[in-house]
Amino acid sequence: MKPTDISAPDYFHKVVDCQWACPAHTPVPEYIRLIAEGRYSDAYMINWKSNVFPGILGRTCDRPCEPACRRGRVEETPVAICRLKRVAADFKDDVKHLMPRVSPKNGKRIAIVGGGPASLTVARDLAPLGYHCTVFDSDPKAGGMMRTQIPKFRLPDSVIDEETDYILNLGIEFRGGQRIDSLKKLLTENYDAIFVGSGAPRGRELDIPGRQEAASNIHIGIDWLSSVSFGHVEKIGKRVIVLGGGNTAMDCCRTARRLGGEDVKVIVRSGFEEMKASPWEKEDAIHEDIPILNFMVPKAFTHDDGKLTGVTFEKVKAEYDAKGRRKLVPSGEPDQTVACDDVLVAVGQENAFPWIERDCGVEFDQWNMPVVDKTTMGSTNPKVFFGGDAAFGPKNIIWAVAHGHDAALSIHKLLSGEDITERPLPDVQISSQKMGIHEWSYDNDISGDKRFKVPHRDKVVALKDIRTEVELGYDVKLALGEAQRCLNCDIQTVFAAPLCIECDACVDICPMDCITFTQNGEEEDLRQRLKAPSPHHDQALYVADGLKTGRVMVKDEDVCLHCGLCAERCPTGAWDMQKYLIDMVHADTSCPSKARSAA
């Protein structure tokens, strides 16, 4: 194998698994160290630069970073990365003075359709560069689905107001209550670029017998949640069925419990493990005494003279073909009718673009979705960009933020006369953490602490008020304990072959058997000859040559814990622990708020 080029920006970025897995590439270990030091405002601003909504995401993120967490290689549970993000938001000082200053306008005008996370990210990135950004939204306040579809017991309005205001106060024009009905008309209004972040505003229907006859008590989940959010709906029947297995279904059932639902059931066509809802969302629903019934497919709504009486289900089971593909087939059991007063349909969301004329240069595919470049977020009309659910269908807030960053960079390059397909490399800062032979400027003790549980409000109290936040968040003591579980994966083990005397001290002390000195060879062969064979190709081997014996040093990045024991034990300093701070380049290059590097 060729020696590893550790100067390539992506090499160590991929090794920081949590940051690599985050769509917005938030520097997770960096902000967790700042939390451990009590520097909450600095931790908040590092988050704000990457993911824009630390307080919101600290409560609602789907947490793609946590399954990637390296702590999961030595324990069952990863670091509570998401809830530590909330800690930074909860305990920060006033950060208004750390926000970008409002810049003089550069004469370029950007129209932004929708006031959700993708749109606000675009505005936040472009406004500090002097662009006049106008955000149009049919709702009176900014936030989009964050405000209308996430229940207040999970995400209080005060948090949304604070974090949307940070953006709107950058000199952004927000036109609430103004719906865009024609893209063609908007294109005639002399905007230099248009960003569409209108979300996936339509819930999927369930067209089965009885739907029309019992319509008054059958509600589309996301529409119903919006009505609850705006105070238009304040009660529901005592017996409620929620159809669907995603996070929207979990929000619906928990909301129904707070609006008078005494017997609330979630009924899903798939198995429990295959449900799209996040595991913690299912746990929260079950904790609130909401049963989840699986492998039941709705066949009909039963009714009596137009009044809903229940739902009839076919019992199914899963069968798998030779390729592991699942198919649901009838189980042979009798159909089952479940009585209810109301049904909430949460079986998916769809995009709707009736306001985009098909002759305005934006091409649509066979699924009636705009054709969008996944790197630039550009459409086939060079002035029109998409992001969030409007681009590729329903996903989550952190992906919408990532889309917004990419689209803002493209718009900035387009209006600067540059090629939007050329993307800048991330900014990488490298610094040794050595303070002595056996001392490091960070805590490298691998504690055995299990994940600290986030305190919850008493269930009886929580169910009485739909605006009472259920999760209380970590206090300072719990936050410190959880932060100490982080393995500092951005502190990299860096090897200097000319200093190595091949004494094998590092090999002997490594707790994971991830270091091997051996003869070089082809990758497949070399992976089998390591001290601990490495069959997983998704993370690289760190290969260094130049040893006096002609052998190579091979370290398996997949299992290395970054504990630093190799560097502490090395008698010649061939191993060093170096912090790689990887900062993804966004359009908002003028932001002065990047926190000082953690010591």
Side-chain angles (χ1 to χ4, degrees), residues 1-33 46-47 49-51 61-74 78-79 81-82 374-375 398-399 401-403 405-406 409 423-433 442 444 486-495 510 512 514-516 523-524 526-527 530 532-544 552-564 566-567 575-586 597:
M1 293 184 65
K2 293 181 179 179
T4 302
D5 179 10
I6 63 172
S7 68
D10 271 359
Y11 179 73
F12 280 130
H13 188 185
K14 290 180 181 179
V15 178
V16 190
D17 299 70
C18 50
Q19 184 179 14
W20 184 254
C22 173
H25 299 307
T26 304
V28 173
E30 178 78 352
Y31 83 72
I32 290 179
R33 276 194 300 275
I46 279 183
N47 273 280
K49 191 172 191 298
S50 299
N51 59 53
C61 189
D62 276 4
R63 318 178 196 179
C65 53
E66 292 190 14
C69 175
R70 201 170 286 265
R71 171 61 75 170
R73 288 150 166 89
V74 291
V79 175
I81 297 169
C82 176
K374 291 184 178 180
T375 300
I398 192 63
W399 273 105
V401 169
H403 293 167
H405 284 316
D406 288 338
L409 181 58
R423 316 305 279 188
L425 292 173
D427 176 37
V428 177
Q429 300 176 34
I430 306 169
S431 57
S432 176
Q433 302 302 291
Y442 68 98
N444 70 330
C486 177
L487 295 175
N488 298 289
C489 294
D490 60 341
I491 311 291
Q492 306 295 343
T493 49
V494 178
F495 183 72
C510 178
M512 300 300 287
C514 65
I515 300 172
T516 304
E523 182 172 357
E524 282 295 338
L526 197 58
R527 284 183 178 273
L530 301 182
S534 173
H536 303 296
H537 289 242
D538 55 344
Q539 204 157 63
L541 298 177
Y542 179 1
V543 179
V552 291
M553 185 288 301
V554 185
K555 183 171 76 78
D556 184 359
E557 300 284 19
D558 189 47
V559 294
C560 174
L561 295 179
H562 301 231
C563 63
C566 54
W575 286 102
D576 190 15
M577 304 302 294
Q578 297 184 6
K579 180 168 70 175
Y580 275 65
L581 184 59
I582 305 150
D583 185 13
M584 304 305 291
V585 178
H586 301 148
S597 290

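- Annotation: side chain to side chain contact (heavy atoms under 4.5 Å, CB included) contacts of D406 (sequence neighbours excluded): M377, R423.
- The structure places CG of L409 at 11.0 Å from OG1 of T375, a figure rounded to the nearest 0.5 Å.
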Evaluate side-chain contact (heavy atoms from CB on, under 4.5 Å) for L541 paired with T4, printing each intermediate quantity in order.
CA-CA 8 Å; L541 298 177; T4 302; over 6 Å; no
side-chain contact (heavy atoms from CB on, under 4.5 Å) assessment of D62 paired with I398
CA-CA 8 Å; D62 276 4; I398 192 63; 5.7 Å; no
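- Of the possible donor and acceptor atoms, one in the side chain of H405 sits under 3.5 Å from a partner among the backbone N and O of S50.
- Considering all non-hydrogen atoms of both residues, D490 and V16 come closest at CA-CG2, 3.7 Å.
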Go through I491 and C489 one step at a time and tell me if the side-chain contact (heavy atoms from CB on, under 4.5 Å) criterion holds.
CA-CA 5 Å; I491 311 291; C489 294; over 6 Å; no
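- In this structure, Y580 and V15 have side chains that are not in contact, with every pair of non-hydrogen atoms separated by 4.5 Å or more.
- For the atom pair CD1 of I6 and CZ of F12, the computed distance is 4.5 Å after rounding to the nearest 0.5 Å.
- Between D17 and R73, at least one side-chain nitrogen of the basic residue sits less than 4.0 Å from a carboxylate oxygen of the acidic one, meeting the salt-bridge criterion.
- At distances below 3.5 Å, not a single donor-acceptor pair connects side-chain atoms of R70 with backbone N or O atoms of P78.
- Residues E523 and L526 have side chains not in contact (no heavy-atom distance under 4.5 Å, counting atoms from C-beta outward).
- Here the closest non-hydrogen pair linking P29 and C18 is CD-SG, 3.8 Å.
- A donor-acceptor pair under 3.5 Å links the side-chain atoms of Y542 to the main chain of F495, judged by distance alone.
- Within the model, atoms CG of N47 and OH of Y31 stand 5.0 Å from one another, a figure rounded to the nearest 0.5 Å.
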Determine, stepwise, if the pair V554 / I515 fulfils side-chain contact (heavy atoms from CB on, under 4.5 Å).
CA-CA 6 Å; V554 185; I515 300 172; over 6 Å; no
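- For the pair C82 and C61, the tightest heavy-atom approach, listed with the atom from each and the gap, is SG-CB, 4.0 Å.
- Remark: side-chain polar atoms of E66 are paired, donor with acceptor, to backbone N or O of I81 under 3.5 angstrom.
- Of all the heavy atoms in C560 and K555, the pair that sits closest is SG-NZ, 3.4 Å.
- No side-chain N or O of Y11 forms a donor-acceptor pair with one of Q492 less than 3.5 Å apart.
- Residue T26 comes nearest to Q19 through the heavy atom pair O-CG, 3.1 Å, listed as atom of the first residue, atom of the second, then distance.
- Under a 4.0 Å N-O distance rule, the pair E30/R33 qualifies as a salt bridge.
- At least one donor-acceptor pair under 3.5 Å links the side chain of D556 to the backbone N or O of D558.
- A salt bridge does not link E557 to K14: none of the charged nitrogens lies less than 4.0 Å from a carboxylate oxygen.
- Closest of all the heavy-atom pairs between W399 and P23 is CE2-CG, 3.4 Å.
- Taking SG from C514 and CG from L561, the interatomic distance works out to 7.5 Å, rounded to the nearest 0.5 Å.
- At least one donor-acceptor pair closer than 3.5 Å links the side chain of H25 to the backbone N or O of C22.
- Looking only at side-chain heavy atoms (C-beta outward), N488 and H562 stay at 4.5 Å or farther from each other.
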